[in-house]
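Because only heavy atoms are used, hydrogens play no part in the values below, and waters and symmetry mates are left out as well, while side chains stay in.
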Amino acid sequence: MGAGFDPGAAFVAAIVATAGLWWFRLLLKKEVGRLPAATRYGVYALIWLAYFVLTFIIARQVGGTGG
C-alpha cells in the first residue's frame, strides 16, 4: 500500500465525516451543549477527525487505490 494522497477518498471521507458529526451532534446535543465552548468545539473537531481518518482508510482500501 502506497502513501500517496487520493483526492477521491479524501472527498468521500470529508462528506462522511461531516454527516457523522451531524449525527453525533443530534444524539448528544444536551450533554455536549453543557460544556464550555472551547471544549465543545474541541470534541467536535476530534469526532470529525476520527470519522475522516477511518473513512479515508476504508475508502482507499475498498477503492483499490493502494498506490
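- The side-chain contact (heavy atoms from CB on, under 4.5 Å) search around Ala19 returns none, not counting sequence neighbours.
- We find the OG1-OH distance between Thr18 and Tyr51 to be 11.5 Å, quoted to the nearest 0.5 Å.
- The hydrophobic clustering, which links ILVMFWY residues whose side-chain heavy atoms are closer than 4.5 Å, places Val16 and Leu46 apart.
- The CD1 atom of Ile57 sits 10.0 Å away from the CZ atom of Phe52 when rounded to the nearest 0.5 Å.
- In this structure, Leu54 is not a member of the same hydrophobic cluster as Val12, with clusters built from ILVMFWY side-chain heavy atoms closer than 4.5 Å.
- Among residue pairs with one or both ends in residues 21-34, none qualify as side-chain hydrogen bond (donor to acceptor under 3.5 Å, both in side chains); sequence neighbours excluded.
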### Task
Begin with the C-alpha distance, continue with both residues' side-chain angles, and end with the deciding distance and a verdict on ring-ring contact (aromatic ring centres under 6.0 Å, His included) for Tyr44 and Trp48.
CA-CA 6 Å; Tyr44 289 154; Trp48 190 91; over 10 Å; no

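- Annotation: the span from Leu49 atom CG to Leu21 atom CG amounts to 11.5 Å, rounded to 0.5 Å.
- With sequence neighbours excluded, the residues satisfying side-chain contact (heavy atoms from CB on, under 4.5 Å) with Leu35 are Val32, Thr39, Arg40, Val43.
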